[in-house]
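The model shown is predicted, which means the values in this text are computed figures rather than measured ones.
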Amino acid sequence: MQAKASLANLMRVAHTLDVVSIVNADRSVREALTDMVFSAGYVPEPFESADEFLKSGRRLITSCLIADMQSSVMSGFELFHHLAASGGAIPTILLTDNSEDDMRRVLQAGLQFLSKPFQRSELLACVRSQIMNRNYSL
């Protein structure tokens, strides 16, 4: 009976943790973002590409998505629109290098973004904001 109670408690806790999926082709950036997210108490799910994220089935449990605008195959912006078009939009933070085209598209879409380079505190404030807005709208 004790084991069942412990398992039930573990499952209850697991369902209260916020998963932050990270899509970035640059391994060192992906690892740094993963460490930042983990150190703030979230569950990081790193992915090398948008395709890997989409095939993983993890979007159903993702509370917040961090994606790079400069991906060669599917940018973070394209990933967001793909999710929205399929009815599975996720609160998203796009990482941009401040190119005029990227900034214009992000601003027109009204999406949350961070300009590179950014501070850890800026990223975590954006993640908290996105998760709070998500939870409030549920």
Grab the two heavy atoms, one from [X] and one from [Y], that are nearest each other, plus how far apart they are.
| X | Y | value |
| --- | --- | --- |
| S115 | F113 | OG-CE1, 3.7 Å |
| G76 | A67 | CA-CB, 3.6 Å |
| M69 | L94 | SD-CD1, 3.6 Å |
| Q130 | T92 | NE2-O, 2.9 Å |

Would a 4.5 Å heavy-atom cut-off, applied to side chains only, mark [X] and [Y] as touching?
| X | Y | answer |
| --- | --- | --- |
| T96 | F77 | no |
| D18 | V43 | no |
| T34 | V20 | no |
| N24 | I66 | no |

Show every donor-acceptor pair shorter than 3.5 Å between a side-chain atom in residues 120-129 and any protein atom, with sequence neighbours excluded, or say none if there are none.
{"from": "R120", "atom 1": "NH2", "to": "S39", "atom 2": "OG", "distance (Å)": "2.5"}
{"from": "E122", "atom 1": "OE1", "to": "Q119", "atom 2": "N", "distance (Å)": "2.6"}

Tell me whether the count of non-hydrogen atoms from other residues, nucleotides or ligands lying under 6.0 Å of CZ in R59 goes above 12. yes
Using a 3.5 Å distance criterion without hydrogens, assess whether the side chain of [X] forms a donor-acceptor pair with backbone atoms of [Y].
| X | Y | result |
| --- | --- | --- |
| E78 | S75 | yes |
| R30 | P46 | no |
| E48 | A25 | no |

Which residues end up grouped with F53 if you chain together Ile, Leu, Val, Met, Phe, Trp and Tyr wherever their side-chain heavy atoms are less than 4.5 Å apart?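 Traced through the cluster, F53 reaches V23, F47, L54, L65, M74, L79, L83, I90.
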For K116, run the salt bridge (Lys or Arg N to Asp or Glu O under 4.0 Å) check against D26, D97, D68 and tell me which one passes.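 Going through D26, D97, D68 one by one, the salt bridge (Lys or Arg N to Asp or Glu O under 4.0 Å) with K116 is satisfied by D68 alone.
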From S63 OG over to N133 CG, what is the distance, rounded to the nearest 0.5 angstrom? 12.5 Å
